[in-house]
Amino acid sequence: MANSASGLAVHDDCKIKFSDLKARRSFRFIVFKIDEKSMEIKVERLGETSYGYEEFTNSLPADECRYAVYDLDFVTDENCQKSKIFFFSWSPDTARTRSKMLYASSKDRFRREMDGIQCEIQATDPSEMSLDIIKSRAH
């Protein structure tokens, strides 16, 4: 099904892998890429459950936009183990303008496809998505 704003389709694998992350905790993170040739959002990378936040941030290209989800485990102030799924819209300042516009116009619809997202982060620079910021948004 195409996105009316940008004409993009969401590959079924995106929804399947997200469901696996959410229900089975099969992955720590998923990075999604817009394939501009097929005009479709596809899974680019799956992060193993043993991977940490640094592996996740290192998987985002410095000069290209991406969407991603990350399953954050944390301990609350009451000492309870919790988990929250974050949606990331990564749009670095150095990315091509066309790419930034394409990702921006498709974000809301794509995010709605990912039922179960609990927090959203929009970042243009790694400092905007530091682990401290993510943890503060989780509580």
Side-chain angles (χ1 to χ4, degrees):
M1 179 172 17
N3 178 332
S4 59
S6 63
L8 288 178
V10 177
H11 193 280
D12 288 341
D13 202 35
C14 295
K15 294 178 239 179
I16 292 166
K17 296 301 185 197
F18 177 75
S19 181
D20 287 347
L21 177 142
K22 184 174 74 170
R24 296 189 189 97
R25 306 197 78 200
S26 303
F27 313 105
R28 175 65 57 200
F29 64 84
I30 307 170
V31 178
F32 303 97
K33 177 181 182 175
I34 294 177
D35 182 333
E36 293 187 31
K37 286 186 177 67
S38 65
M39 293 306 286
E40 188 173 47
I41 300 172
K42 297 181 175 180
V43 172
E44 180 181 53
R45 181 163 183 211
L46 300 170
E48 297 175 20
T49 55
S50 62
Y51 286 2
Y53 193 72
E54 188 174 345
E55 284 90 356
F56 166 65
T57 56
N58 288 341
S59 72
L60 298 172
D63 57 354
E64 294 179 34
C65 300
R66 292 292 186 272
Y67 301 125
V69 291
Y70 185 85
D71 187 8
L72 177 71
D73 291 325
F74 62 98
V75 178
T76 66
D77 294 337
E78 295 81 30
N79 207 27
C80 294
Q81 185 71 34
K82 296 261 184 172
S83 171
K84 281 200 177 173
I85 299 173
F86 281 79
F87 178 83
F88 289 84
S89 178
W90 171 243
S91 184
D93 291 331
T94 54
R96 294 183 353 261
T97 301
R98 172 174 159 57
S99 178
K100 288 192 259 190
M101 291 173 63
L102 190 57
Y103 276 80
S105 66
S106 306
K107 178 183 73 88
D108 288 339
R109 180 182 176 276
F110 181 62
R111 189 190 180 290
R112 283 194 303 271
E113 295 278 343
M114 307 289 121
D115 185 40
I117 301 279
Q118 294 150 314
C119 297
E120 182 175 332
I121 302 286
Q122 295 185 45
T124 59
D125 182 82
S127 66
E128 297 174 343
M129 53 186 276
S130 71
L131 186 54
D132 290 339
I133 290 171
I134 304 310
K135 285 182 176 178
S136 73
R137 295 279 306 273
H139 293 284

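All figures in this text were calculated on a predicted structure; none of them were measured in a lab.
- Taking 4.0 Å as the cut-off between side-chain N and carboxylate O, Lys15 and Glu113 count as a salt-bridged pair.
- Between Cys14 and Met114, some side-chain heavy-atom pair lies under the 4.5 Å cut-off.
- Put simply, Val10 and Val31 are part of two different groups of oily side chains (I, L, V, M, F, W, Y) that touch within less than 4.5 Å, one to the next.
- Distance check: Asp35 CG to Leu8 CG gives 9.5 Å after rounding to the nearest 0.5 Å.
- To the nearest 0.5 Å, atom NZ of residue Lys84 and atom CD1 of residue Ile117 are 12.5 Å apart.
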*Any chance you could lay out the side chain to side chain contact (heavy atoms under 4.5 Å, CB included) test for Phe86 and Cys119, step after step, and finish with the verdict?*
CA-CA 5 Å; Phe86 281 79; Cys119 297; 3.3 Å; yes
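- Using a 4.0 Å cut-off between charged side-chain N and carboxylate O, Arg96 and Glu36 make a salt bridge.
- Looking at Arg28 and Glu48, their side chains never come closer than 4.5 Å, going by heavy atoms from C-beta outward.
- The minimum heavy-atom distance between Leu60 and Ala68, with the atom names listed, is CD2-CB, 4.3 Å.
- In this structure, Tyr67 has its ring center at least 6.0 angstrom away from the ring center of Phe88.
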message: Set out, in order, the CA-CA distance, both residues' side-chain angles and the distance that settles side chain to side chain contact (heavy atoms under 4.5 Å, CB included) for Leu131 and Leu72, then state yes or no.
response: CA-CA 10 Å; Leu131 186 54; Leu72 177 71; 4.2 Å; yes
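- Note: Tyr51 and Phe56 fail the aromatic proximity criterion, with ring centroids not under 6.0 Å apart.
- Between Lys17 and Asp12, no side-chain nitrogen of the basic residue sits less than 4.0 Å from a carboxylate oxygen of the acidic one, so the salt-bridge criterion is not met.
- The pair Glu120-Lys107 counts as a salt bridge, with a side-chain nitrogen and a carboxylate oxygen less than 4.0 angstrom apart.
- Here the closest heavy-atom approach between residue Lys100 and residue Pro92 is recorded as CD-O, 3.8 Å.
- A pairwise comparison of heavy atoms in Ala95 and Glu64 identifies CB-CA, 4.3 Å as the closest pair.
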Would Lys33 and Cys65 satisfy side chain to side chain contact (heavy atoms under 4.5 Å, CB included), going step by step from the backbone distance to the final call?
CA-CA 8 Å; Lys33 177 181 182 175; Cys65 300; over 6 Å; no
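- Summarising the geometry, atom CD1 belonging to Ile134 is positioned 6.5 Å from atom CE belonging to Met129; distances are rounded to the nearest 0.5 Å.
- A donor atom on one side chain and an acceptor atom on the other are found under 3.5 Å apart for Asp125 and Ser127.
- Minimum interatomic distance between Trp90 and Pro61 (heavy atoms only, all atoms of both residues): NE1-O, 2.7 Å.
- Thr124 and Glu128 share a donor-acceptor pair across their side chains, judged by distance under 3.5 Å alone.
- Nearest heavy-atom pair, Phe18 versus Gly116, reported as atom, atom and distance to 0.1 Å: CZ-C, 4.3 Å.
- Within the model, atoms CG of Asp20 and CD1 of Ile30 stand 7.5 Å from one another, a figure rounded to the nearest 0.5 Å.
- You'll find the side chain of Phe110 reaches within 4.5 Å of the side chain of Phe87, heavy atoms only.
- Ser130 and Tyr53 get closest at one heavy-atom pair: C-CE2, 4.1 Å.
- Here CG of Asp71 is found 5.5 Å from CG of Asp73. Values are rounded to the nearest 0.5 Å.
- Phe32 contributes atom CZ, which lies 12.5 Å from atom CD of Glu40 (distance to the nearest 0.5 angstrom).
- Around the CD atom of Glu54, the shell of radius 6.0 Å holds no more than 12 heavy atoms that belong to other residues, nucleotides or ligands.
- Within 6.0 Å of atom CG in Asp63, more than 12 heavy atoms from other residues, nucleotides or ligands are found, so the atom counts as buried in its surroundings.
- For the residue pair Ser83 and Arg25, a side-chain donor N or O sits within less than 3.5 Å of a side-chain acceptor on the partner.
- A single hydrophobic cluster is not seen to contain both Phe29 and Ile85; linkage of ILVMFWY side chains at heavy-atom distances under 4.5 Å, directly or through other members, places them apart.
- When hydrophobic clusters are built by joining Ile, Leu, Val, Met, Phe, Trp and Tyr residues whose side-chain heavy atoms come closer than 4.5 Å, directly or via intermediates, Leu21 is grouped together with Ile41.
- A donor-acceptor contact shorter than 3.5 Å is absent between the side chain of Ser106 and the backbone of Tyr103.
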